[in-house]
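Worksheet: the structure to be examined is printed underneath.
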2 protein chains.
Amino acid sequence: MYNSEEEFLKHYDSSNFEKLSMTTDILIFSISDSPTNNYRKLNEKLFSVLLVKRDTYPFKDKWCLPGGFIKIDEDLEDAPKRILANETNIHDIYLEQLYTFGAVNRDPRMRIVSTSYMALIDKNRLSDKLNSNASWFNINVMEDEKEISVYLENGTEEIKFKIKKTLKEKTTDRYKFEVIENDKLAFDHPLVIVSGIERLKNKIGYTDIVFNMMPEYFTLGELQQVYEIILGKKLLDPAFRRIISDKVVKTDKKQTGGGHRPSYLFKYKQ
Amino acid sequence: MYNSEEEFLKHYDSSNFEKLSMTTDILIFSISDSPTNNYRKLNEKLFSVLLVKRDTYPFKDKWCLPGGFIKIDEDLEDAPKRILANETNIHDIYLEQLYTFGAVNRDPRMRIVSTSYMALIDKNRLSDKLNSNASWFNINVMEDEKEISVYLENGTEEIKFKIKKTLKEKTTDRYKFEVIENDKLAFDHPLVIVSGIERLKNKIGYTDIVFNMMPEYFTLGELQQVYEIILGKKLLDPAFRRIISDKVVKTDKKQTGGGHRPSYLFKYKQ
DNA sequence: TTTTCTTTTTATCATTTTATTAATAACATA
DNA sequence: TATGTTATTAATAAAATGATAAAAAGAAAA
């Protein structure tokens with residue numbers, strides 16, 4: 001019918017195929033300091049995620065991940081970058097594509113497929129003011145063979161949800177996730193959050209991505225806490241130090257005032 | 001403006017947002033036997049991918065991955081299942097989402113975002129006849145710090161492409177891939193193939209997915225060959241046997257006729 | 001029939017890595 | 001000055017890994 005690619009494209013009718021909308025959802029993870037900073041209580045580090053309260057339908061007054069529509073003339077990965085720039089003042093943010101969710105009825109408005117991204121940031125680099133409807137939620141995860149329970153709190157509100165996991169194949173560690181309890185999170189965002197936590201848990205073992213969330217100077221105790229929160233288990237001090245010893249450099253700074261032997265501050269070895 | 005979610009949805013105008021088309025591309029990997037099966041030459045195992053020759057524009061006469069458009073009323077992951085069913089006669093195929101590619105100009109026709117999937121199958125379960133324009137290509141990969149060269153051949157045709165890799169962040173093992181040589185593959189499919197190989201290379205170490213490509217009975221030498229092809233390096237026999245010893249069961253069957261000590265046949269320990 | 005060849009399979013030992021326990025160090029407070 | 005607390009390191013045991021070599025079993029050649 002056509003004799004060349006040029007000719008074909010000239011006559012191509014793009015309405016031949018069904019069209020849909022795409023959005024992106026961004027899991028922005030960071031590390032927070034515990035609000036209770038008592039005497040003789042370690043400056044506890046917490047793992048947190050940024051959520052936004054919806055002020056319009058659908059899911060009005062529920063919390064969701066920052067996100068938005070992909071523009072027709074915008075590369076897919078430029079959308080999360082644009083939204084991140086809108087939520088923060090930082091430019092060089094660690095960003096990684098997570099998963100694309102595309103169940104037919106995942107959005108009540110219409111058919112929308114959403115590609116989720118995970119961003120890791122050091123909160124200390126943020127200018128203080130967040131967008132008015134955004135808030136950091138500390139993350140607590142309880143996981144066993146069958147379920148993942150996630151508890152989020154920001155000092156005022158609490159969000160809980162539970163996810164059932166069933167092994168997809170005997171040959172993998174892959175699970176099928178299904179939301180079985182959720183009252184305060186919009187869309188399929190519980191799934192996105194859990195996917196991100198799983199990804200991070202997996203990658204913390206063979207990459208250095210965790211340092212994207214750490215401040216410039218930190219103690220090994222703090223770093224170990226972050227590993228422990230994300231992995232959901234306690235680590236032995238000497239083992240942990242062996243593992244990260246070649247990733248960090250000791251500085252001559254010390255963190256005093258803890259009522260005990262002060263710890264040296266370390267930096268990430270670039 | 002609206003007093004309830006129902007009311008909002010009733011009046012929702014889905015033409016508010018820009019729409020695009022979505023496709024899926026499926027990397028179907030398997031293991032092939034070497035065509036040269038000489039005396040005293042091990043029955044060599046090769047790693048292969050299924051490609052389809054395009055008979056229409058765009059990219060007429062180029063090779064591409066099996067794929068197609070996502071239907072408006074079809075779950076995202078049902079599309080690759082539908083296409084797999086069309087290409088094979090097998091039902092329970094290992095399928096895993098790989099990555100969503102969404103550069104604005106990745107398709108010359110119009111804006112198309114594509115979610116790629118990786119499928120692993122045991123060729124022995126296929127009925128012999130493939131679709132007429134489909135063909136298995138054996139894969140050879142040469143990788144160093146800066147580049148990945150992939151060489152595909154199906155006995156008749158050869159396809160070569162080269163990809164430059166640059167480290168994205170110092171904190172990860174993540175690379176940015178850029179196609180620098182490619183003459184016979186359509187779209188951004190070189191990127192999809194390389195992403196899949198990297199995923200497989202990574203996952204072979206901590207999952208059992210490789211057994212989805214193995215026949216029911218295999219020798220440890222054959223299994224080791226498959227590991228070696230995918231990892232791109234030689235493994236020591238005793239080390240390999242230690243690693244996989246708890247994943248396989250020895251049967252009382254032997255593979256004789258090799259002019260040397262026969263090897264036992266093993267099965268995957270389900 | 002015997003020897004040679006090849007590859008499979010197992011054994012052995014050295015080395016490295018990881019796990020566990022315990023000891024020592026340093027600061028803040030009573 | 002003694003005590004509590006956490007940081008840091010030392011020391012040892014256990015496990016995993018790496019590397020080499022030896023034994024086993026069949027096919028083919030002498």
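We name chains A, B, ... by the order of the sequence lines, and we start the count at 1 in each one. None of these values were measured; they are calculated from a predicted model.
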Rounded to whole Å, CD of Glu222(A) lies from P of dT6(D) at a distance of 14 Å
Picking from dT20(D), dT8(C), dC27(C), the nucleotide nearest the side-chain atoms of Pro262(A) would be dC27(C)
d(CZ, Phe218(B); C1', dT8(C)) in whole Å | 16 Å
Would you kindly compare Pro238(B) and Ile243(B) by the position of their nearest DNA chain D nucleotide and give the one closer to the 5′ end?
-> Ile243(B)
Any Lys254(B) side-chain N or O less than 4.0 Å from OP1/OP2 of dA25(D) = no
Is there a donor and acceptor pair closer than 3.5 Å between the side chain of Arg261(B) and the base of dT8(C)?
-> yes
Test side chain to side chain donor-acceptor pair (under 3.5 Å), reference Arg125(A), set Asn89(A), Thr88(A), Asp92(A), output is Asp92(A)
Could you state the CD-P distance from Gln224(B) to dT7(C), rounded to the nearest angstrom?
-> 13 Å
Taking atom P of dA19(C) as reference, at what distance in whole Å does atom NZ of Lys234(A) sit?
-> 17 Å
Lys/Arg N to Asp/Glu carboxylate O, Lys201(B) vs Glu143(B), below 4.0 Å | yes
Verify whether the ring centers belonging to Phe101(B) and Tyr99(B) lie closer than 6.0 Å.
-> yes
Hey, what's the ring geometry for Tyr268(A) with Phe211(A), parallel, tilted or perpendicular (30° and 60° as the breaks)?
-> parallel
Among dT21(C), dT8(C), dC27(C), which is the nearest nucleotide to the side chain of His260(A)?
-> dC27(C)
Rounded to whole Å, CG of Leu223(B) lies from P of dT9(C) at a distance of 12 Å
Presence of donor-acceptor pair under 3.5 Å, side chain of Arg242(A) and base of dA19(C) = yes
Residue Tyr227(B) excluded, over 12 heavy atoms near OH under 6.0 Å = yes
Out of dG26(D), dA23(D), dT21(C), whichever nucleotide has its closest atom nearest the side chain of Leu236(A) = dT21(C)
Using atom NZ of Lys253(A) as one end and atom P of dA26(C) as the other, report the distance to the nearest whole Å.
-> 20 Å
Separation of atom CZ in Arg241(B) from atom P in dA19(D), rounded to whole Å | 17 Å
To the nearest Å, how far apart are Gln255(A) CD and dA25(C) C1'?
-> 17 Å
Please figure out whether Lys250(B) or Ala239(A) has its closest DNA chain C nucleotide nearer the 5' end.
-> Lys250(B)
